[in-house]
Engineer: 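Encoded as structure tokens, here's the structure I'll be asking about.
Heavy atoms only: backbone and side chains are in, while hydrogens, waters and symmetry mates are out.
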Amino acid sequence: MTQIQPAAPAPPPVALPLPPPQDENELLNLGRLLGMIRRRLPIMAAVFGIITVSTLLWVMAQPNGYTAEASLALDTRRVNVQEIPNFITGVTLDFPIVRTEVQVLQSWPLAARVVQSLNMGEHPEYGGRRAGTLARLTKSLRLPERIQALFAPKSRAPLSMDELVSRFSSSLSVVTDGRSYVIRVQFRSSDPALASAAANQLVALYLSGQEEERVQTVKRINGWLNERAEELRTQVRRSELAVQQFRQQNNLAELKGNSVSQQQISDLSNQLILASAERAEKEARLRQIQQSRGSGGAMSIGEVMNSPLIARLREQETQVIRREAELTDRYGEKHPTMIAVRAEREDLRGKIDAEIAKIAQAISAEADIARAREASLRGNLDGLRRQAAQANPAEVRLRELERDVDANRAVLDAFLTRIQEGATQENFVNPFARVVSPAQVPKSPDQPRAGLILMISAVIGAALAFILAVVIDTFDRTARSTEQLEREIGISCLGLVPRTGRLGSRADMVLSQRGGLFAEAIRSIRAALKVSSLGTPPKVILFTSAVAGEGKSLLALSVARSAALDGSRVLLIDCDFRTPMVARALKVPATNGLDQLLMHGNANGSPIRTDDASGLHYIPTEAAPHKAQELLGGRLFAGLLKEVRRHYDLIILDSPPVAMVSDTLLIAQQADATLVVAQWRKTKIHMLSRAVRRLAQGHGRAAALVLNRIDPGLFDRYTRGRRLSLD
């Protein structure tokens, strides 16, 4: 072997990028869910079975229950005999009123009356002997009579009325749908005849109670009306007598309506209103004609336009103006004929103005007359008002007495009318509710609803089993899948190695079963190492694990043998001075190995040996734990690696667990890549994280994971529905 040279700087680290991140929504896909269910199927089946069987036993222990239902409707119709209204008028039924009647049907007094009328205290269900849950369960399971006798019910003291009513109320249900006036009365009992009788009796007592209450109310109102009518008759007689005596004492005649003075005041007030309106009209006409004369627009006034004289004068003026226009073209302005025509025109205009002035004077005179009339009426009205204020107070008092008489008589007439109506209504009371459907004896039990209860318990049991499986699966912190390792550790997973064959024969599986799943998995790891980096594939590969017993030595030997079988020059070096495994796996002595080489050099000859079965070169070692760090961190080991790089295509180093000792950190600095081997469903995630962190802190080369000893039959349960494959 060539003399070992001092170590040179190590090549740059190999990049091992992670695969593209998976969509988080894929975590919820059907394959992963089914895998989780398959993994936890035994415990899920146990939880589901316990809940279902417990529910079944509980259902079998429950007594049969029969429910009878009677329906009644609140009547919104009101029958009026002889078209006279009821004293108790029909109310507008709304939801609060319907709820009130529901509460009445559930009241304690009504329930007590039903219990007493049906003598329910002597019924076995309500009496002193009542079978318990265990007694019913032993009977349902048809156990021997000796066992049933142990749980047979014993005699107890009779129940009190409060206890009977409480038990009755717990079996009673009064419901309404909130959209109609129908109320359903339901009663549940282990005796179908009792269920029907209780529901019908409750409805019958409710209706009779309502009818009796309404009849008593009508009688009370009629009695009160008769008493009040006698009082009113006496009061009317007294008020009429007082009026008659007051007239005789003051010599007042009987008056109908208002007094004379009041009538005169009313008439004068109406006349004054008319006179004021007339005066305002005259004054408005006067102001209008006065303003029109000043502005030259008097011809638009109605009185002016309706005057026949002014109309004739206007017609003459028009003719003169027309003739003046004709003569202007024939004669000049100073011609005598033109002067005469203009004089005639001016004379006509003067007559028109004079006539308009007369009309204005006439309107002014009318306005003066209207003002005088208004003043006269106002004076007369004031005088009458003063007289009315000084009128005889006796008349006012008389009218007060007469109003009292009229009021008392009106009240008395109303009460007499109501008394006549009550005489008819007392014998006919409109029912407030009516029976729609009486309760029938139920033919089959409706309690317990075994099918529904078992279905609900099955759903609950399945849900609890699923939740428990999710919790257990969530807290399972072992290495289970590549996706989990890459997500939680942060480095790439290069391979999946199945668990096949016996433990002692696994070292030879790449030889004996070259086409098998194990050998193919080893080849896939080699292929992944070749394509994982961006540049040259790693030449010196370190195999380690987080803890002992992960199978990293066997995996390193298998990868080395597989590469050697494919024609590569491969060297396997056992660097584990604490628990060396290469010589043991190959069943050869470990003497004159790496430990001797690093301690004594080449004095004992070359330590490299050859595996005849695969052509692999390997260097075994013996245990030397106290000198491990000294030997692996020395210049001889670095020089060895430099030298063998020149002669071999692939160099594989088997090192101790990185999380346990520090030897691996020294070796990792010399390797191009580090493979951390994790055992499926055994290695803890936190131990893998610790190992990777230690490699990073020791400035080791790029690291990747290999998941080892996978059970192919169970692996798809821990992945997203994917079976163990080589892709």
Side-chain angles (χ1 to χ4, degrees), residues 74-94 96-98 100-101 103-104 107 109-110 113 205-263 265-266 388-434:
L74 303 181
D75 200 349
T76 59
R77 300 170 298 176
R78 291 295 178 264
V79 180
N80 295 327
V81 180
Q82 297 179 356
E83 298 184 357
I84 56 178
N86 281 319
F87 288 123
I88 304 176
T89 59
V91 295
T92 302
L93 292 179
D94 53 10
I97 294 179
V98 176
T100 301
E101 298 306 315
Q103 296 297 325
V104 171
S107 62
L110 187 59
R113 292 177 58 189
L205 292 178
Y206 165 77
L207 294 177
S208 63
Q210 292 287 331
E211 181 178 357
E212 181 180 356
E213 180 181 356
R214 292 166 66 82
V215 170
Q216 294 299 325
T217 302
V218 171
K219 289 182 178 180
R220 288 196 302 271
I221 293 177
N222 284 337
W224 179 80
L225 288 174
N226 288 323
E227 294 177 359
R228 183 59 178 159
E230 287 298 326
E231 295 177 0
L232 289 174
R233 288 191 184 96
T234 303
Q235 190 172 356
V236 169
R237 285 195 296 268
R238 291 176 180 175
S239 58
E240 289 177 347
L241 181 59
V243 170
Q244 186 64 29
Q245 291 176 353
F246 189 80
R247 285 201 183 100
Q248 293 176 359
Q249 292 173 1
N250 294 276
N251 296 321
L252 295 175
E254 184 175 358
L255 298 176
K256 299 295 184 180
N258 296 328
S259 63
V260 176
S261 59
Q262 291 177 344
Q263 186 65 39
I265 290 174
S266 177
Q390 298 173 0
N392 190 355
E395 182 178 345
V396 178
R397 176 60 179 165
L398 177 61
R399 292 192 177 278
E400 292 178 357
L401 294 175
E402 289 177 344
R403 286 194 295 272
D404 291 342
V405 171
D406 294 339
N408 293 334
R409 187 178 290 112
V411 175
L412 177 61
D413 292 341
F415 269 77
L416 292 177
T417 302
R418 299 294 287 174
I419 290 173
Q420 292 177 359
E421 296 170 358
T424 304
Q425 293 293 332
E426 186 172 349
N427 297 323
F428 183 85
V429 177
N430 189 29
F432 183 70
R434 56 189 174 88

Engineer: Quick one: CD on Glu101 to CD on Gln103, what's the gap to the nearest 0.5 Å?
Structural biologist: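 So the gap between those two atoms works out to 10.5 Å.
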Engineer: Not counting sequence neighbours, which residues clear side-chain contact (heavy atoms from CB on, under 4.5 Å) with Arg238? List them please.
Structural biologist: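 For Arg238, the residues satisfying side-chain contact (heavy atoms from CB on, under 4.5 Å) (neighbours in sequence not counted) are Thr234.
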Engineer: Who passes side-chain contact (heavy atoms from CB on, under 4.5 Å) against Gln244, sequence neighbours left out?
Structural biologist: Arg247, Gln248
Engineer: Which heavy atom of Leu207 sits nearest a heavy atom of Arg434, and at what distance?
Structural biologist: CD2-N, 4.4 Å
Engineer: Enter the distance from Ile221:CD1 to Arg228:CZ here, rounded to the nearest 0.5 Å.
Structural biologist: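 That separation rounds to 15.5 Å.
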Engineer: Can you see which heavy atom on Arg409 is nearest to which on Val236, and at what distance?
Structural biologist: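 Closest pair (atom of Arg409, atom of Val236, distance): N-CG2, 3.7 Å.
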Engineer: Side chains of Gln210 and Val104, heavy atoms from C-beta outward: is any pair under 4.5 Å?
Structural biologist: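 They are in side-chain contact.
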Engineer: To the nearest 0.5 Å, what is the distance between CG on Leu232 and CZ on Arg237?
Structural biologist: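 Reported to 0.5 Å precision, the distance equals 11.0 Å.
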